[in-house]
Every structure is written in structure tokens, then in C-alpha cells.
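Below is one structure, written out as C-alpha cells; the observations come after it.
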Amino acid sequence: MRGQLALRAATAASWASRRAGRGNGSMIGGLIALKIDPSLMTQLGRGKRTVLITGTNGKSTTTRMTTAALQTIGRVATQADGANMDAGIVAALTAHRTAPLAAIEVDELHLPHVADALNPSVVVLLNLSRDQLDRVGEINMIERRLREGMARHPAAVLIANCDDVLVTSIAYDHPNVVWVSAGSGWSVDATSCPRSGEPIVWEGEHWYSTGADFKRPEPQWRVDEQGLHSPDGLEIPLSLALPGRANRGNAAQAVAAAVALGADPVKAAAATGTVREIAGRYRSIDVDGRSTRMLLAKNPAGWQEALSMIDPAATGLVIAVNGQVPDGEDLSWLWDVRFEHFEGTQVVAAGERATDLAVRLTYAGVEHITVADPLRAIASCPPGRVEVLANYTAFRDLNRDLEAGTKA
């Protein structure tokens, strides 16, 4: 009865939020429902075969790809907006109560208790690296917490990226693991073994600990430029609409997760190619006659990957950085990112912290100009193709301004 009351209250709150023009109301509905019945997530997840997707980077993209792959075998409950904490998860499950499958994005700090509530069939572990230290904390502590959380679910299949040292440590002792070579362009946070503290030695794509019986497992799935290679030796075409090696790795883990629930690997791989943008990321939009592509990055590993996606033929690159609470107010991470020289491309430092960024670009030897307002920064670039790389609130605010301009 309490659960039914919680759902009715959530529906009413969501309706009121929409009527007041304050968004779609899903978050407020989820928050109110959980206040009335804290066990509601467990009730809503009961009877569903659920995949949880977590990691520092790529959660939203991989969740969208996993949803597409699972839709080849049935209806799927998932978040439309990337809300990956308790209220957003409850809202997604509430909106798709009769779906037999679920693909749920989960913030890495929330994974242990969400797994306890939903008893997932599959958990996708993408990567683990430094994020906002003021919120997330020290990375090895997170690894230990996730390892302990997964130990409580021995029946769950872990789809784990064996190229990421910290993810491998989370899954290493688990009885039910599918190892995927999904790539890892960032190893700065795994120079020492999370189990012994001794150095990790890299030999090409292989790595091992000098202080523990801990090394890169042999992958069952791997991805390369030719396609996706399955455990039974099948080479599956992988044609993605999204750019970058990281997204090929995301697709590989999404396909492996769907196959674990019974999907056909060829159909699942083809479905991942239908994902074209995620909440405005990767989309192209005309801004003052410039074809502008939007990229989002939120931490050093994400920035390094996003920089590798920049089109060298672009006539302009706008890098926008804010330092609000959702971004992390400490921007010292800028010095961990290897900014490259962009010969032939006009680089513009933008955002609320454009001056801090400009200092970093100067030390990196990148010629640039500074235009704090991102819209004006785009307009300052030569006509042609402009790449925009922004952190969380800079990306959010620029998208809002672009939408307002479109409606006007």
C-alpha cells in the first residue's frame, strides 16, 4: 500500500512540475516517492532482468548503446536524461513498469546500494579514474567500495574492462566475469597496484603487478578497427555513428552485456550503431553559419579522450571551462590534461574560468585567444567547422543558450 501511495504521489508531483514549466518532473517525482517508501526501487525492479552500467566516463553513452542492443529482444526501462542517482533511477523504473528488461546508468558511488536494491543480472564496469575529489574522494577507496559491493552479488555477470587496472581489481575475484578488451587511454591513476601498492608494469597492451598475483586477464571480447571479436571467434562488423576509440570500447561492453541476457551478437552490434547523440553530446548544430559539433568532458581522462576526437581539419576549436559545484571548483586537473598543438585551427579559451584555461594553454604552447562567452567564442572562429569541447555546466549552459536561440 505504501508503494502504491508513493507512485500516486510521484505521478501528482511530476504533473505539477510539468504544469509549472519546471521540467518533465521525473526527478521530483522520484524524490517524493522515495521519501514515502524507501523500498520502492526494490519493488519496481522486481521481476526485471536488469543491467547496471557504471564508470567514471562513458556511462550515458554505454547505457544508450546497451538499451539499443537489448531492444532487439524486448522492451527496456532506462533513463532518458542520464539521471543516475536514486531518484532518477526510480523515475525511470516508474515510467517503464511493465518492461521486462532494464538498462540503468548508475553513479559509481551509488552502485553498491543500487545493486543491493535491484539484484542485477549484469553489471557493466567501464573504467575508474579521478573525478571530483571534493565529491567522489580518493580513487582507491572507491575501488575497494565497489569490490566489496560486487562481492555481495556473486550471481551477477560482471562485464569488466580488462584494460583498466582498477576495474580489473574490482572484478578479479568475482566468480562470474566476462572480460572485454575495451581500451584505456588513461593509466595515470593506476601506476601502482590497488591491491599491493607496488608498481604496475605495462608491456604493450598487457600489464601486471610487481607486488601481487594480479595481471591483465585474457579478454573474451575485444574490439579493433576491423570490428568486434566474440568469445567464439566470430568477427562482427561494428559501424558506429559516434566518434572515437572509447566509444568502440563502450559498444563492445554494451554488446557483451546484451549477449549475456540472450541477445544475438550481430543484431546487438548493429543496434549500437543507431545511437547518434546523447543529451546533446556529439550533435552538430549551425551557429552563425558555422557547423558546430558539441563534445563534453568532465575529468582528466574524459578530456584526454575528447581531445583525441577533435577534427584536425576544423577551422576553430572552442574550449569552455566553468568551475561551478557540479564541475568541481578546483581546476588544478587542467594541468593533468595533455593539451596538443592545433596547427591551422583557431583555439579559443572560453567559459567562466577562461583565464585559468588560457594560462594552461600558454604553458602547453597552444596559440589561442580568450573570449569568455562561448557563443561569442564560436562566432569569433573562421567560417567552416567548429569543434566545441566543454565541461559539465559550460556544456549545459551553452546548450540552453543554443536552444533559446533556435526557439527565438
Side-chain angles (χ1 to χ4, degrees), residues 41 50-59 62 84-86 89 104-202 206-217 219 249 253 257 298-302 328 330 333 336:
M41 188 187 300
T50 298
V51 180
L52 302 182
I53 300 99
T54 198
T56 308
N57 291 300
K59 292 187 290 291
T62 308
N84 58 25
M85 299 184 192
D86 292 18
I89 293 169
I104 300 296
E105 175 183 342
V106 187
D107 179 88
E108 52 268 37
L109 287 179
H110 288 238
L111 178 66
H113 76 259
V114 171
D116 292 343
L118 294 180
N119 192 27
S121 300
V122 178
V123 179
V124 177
L125 301 171
L126 297 169
N127 48 67
L128 204 59
S129 65
R130 276 173 295 150
D131 204 342
Q132 300 165 27
L133 290 177
D134 55 345
R135 181 184 76 86
V136 178
E138 192 268 327
I139 194 66
N140 283 347
M141 179 269 290
I142 302 302
E143 182 274 323
R144 290 190 294 271
R145 186 180 299 177
L146 297 190
R147 196 193 317 173
E148 292 165 359
M150 293 301 92
R152 296 197 294 270
H153 297 277
V157 178
L158 303 190
I159 309 294
N161 180 6
C162 65
D163 294 326
D164 188 290
V165 173
L166 291 165
V167 160
T168 300
S169 183
I170 294 168
Y172 205 64
D173 304 314
H174 198 273
N176 205 358
V177 186
V178 174
W179 296 108
V180 181
S181 178
S184 178
W186 183 264
S187 59
V188 177
D189 296 313
T191 55
S192 62
C193 174
R195 294 174 169 235
S196 68
E198 297 300 316
I200 291 288
V201 175
W202 289 82
H206 299 283
W207 54 262
Y208 64 90
S209 169
T210 57
D213 182 17
F214 178 58
K215 62 183 179 180
R216 180 182 185 264
Q253 291 194 255
K298 296 181 283 189
N299 47 60
D330 179 1
W333 57 264
D336 295 326

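For this chain, numbers begin at 1 and follow the sequence in order. Values in this document were obtained by computation on a predicted structure and should not be read as measured data.
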Got [X] and [Y] here, is their nearest side-chain heavy-atom distance under 4.5 Å?
X: T168; Y: W179; result: yes
X: L125; Y: T54; result: yes
X: L146; Y: P112; result: yes

Closer than 3.5 angstrom, by distance alone: can the side chain of [X] be matched with the main-chain N or O of [Y] as a donor-acceptor pair?
X: S209; Y: F214; value: no
X: N176; Y: L158; value: no
X: N161; Y: N127; value: no
X: D163; Y: A182; value: yes
X: T210; Y: E198; value: no
X: Q253; Y: V180; value: no

State whether a side-chain donor-acceptor pair under 3.5 Å links N84 with H110.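 Not at all, the side chains of N84 and H110 share no donor-acceptor pair under 3.5 Å.
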Could you walk me through whether M150 and V123 pass side chain to side chain contact (heavy atoms under 4.5 Å, CB included), step by step? CA-CA 9 Å; M150 293 301 92; V123 179; 4.0 Å; yes
Which heavy-atom pair separates [X] from [Y] by the least distance, and what is that distance?
X: P175; Y: P154; value: CG-O, 3.6 Å
X: L166; Y: L128; value: CD1-O, 3.4 Å
X: A117; Y: M41; value: CB-SD, 3.8 Å
X: A115; Y: L52; value: CA-CD1, 3.8 Å
X: S129; Y: T56; value: N-OG1, 2.9 Å
X: A171; Y: V177; value: O-CG2, 3.4 Å

[atom1] of [X] to [atom2] of [Y]: how many Å apart, nearest 0.5 Å?
X: T62; Y: L126; atom1: OG1; atom2: CG; result: 4.5 Å
X: E148; Y: I170; atom1: CD; atom2: CD1; result: 11.0 Å
X: C193; Y: D213; atom1: SG; atom2: CG; result: 10.0 Å
X: K215; Y: W207; atom1: NZ; atom2: CH2; result: 10.5 Å
X: L109; Y: R145; atom1: CG; atom2: CZ; result: 6.0 Å
X: I53; Y: E105; atom1: CD1; atom2: CD; result: 8.0 Å

Test side chain to side chain donor-acceptor pair (under 3.5 Å) on N57 and N299; report intermediate values, then the result. CA-CA 8 Å; N57 291 300; N299 47 60; 2.9 Å; yes
Take D116 and H153 through the side chain to side chain contact (heavy atoms under 4.5 Å, CB included) test and state the conclusion after the steps. CA-CA 8 Å; D116 292 343; H153 297 277; 2.8 Å; yes
Cationic N near anionic O, under 4.0 Å, E143 to R147: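 Yes, this pair counts.
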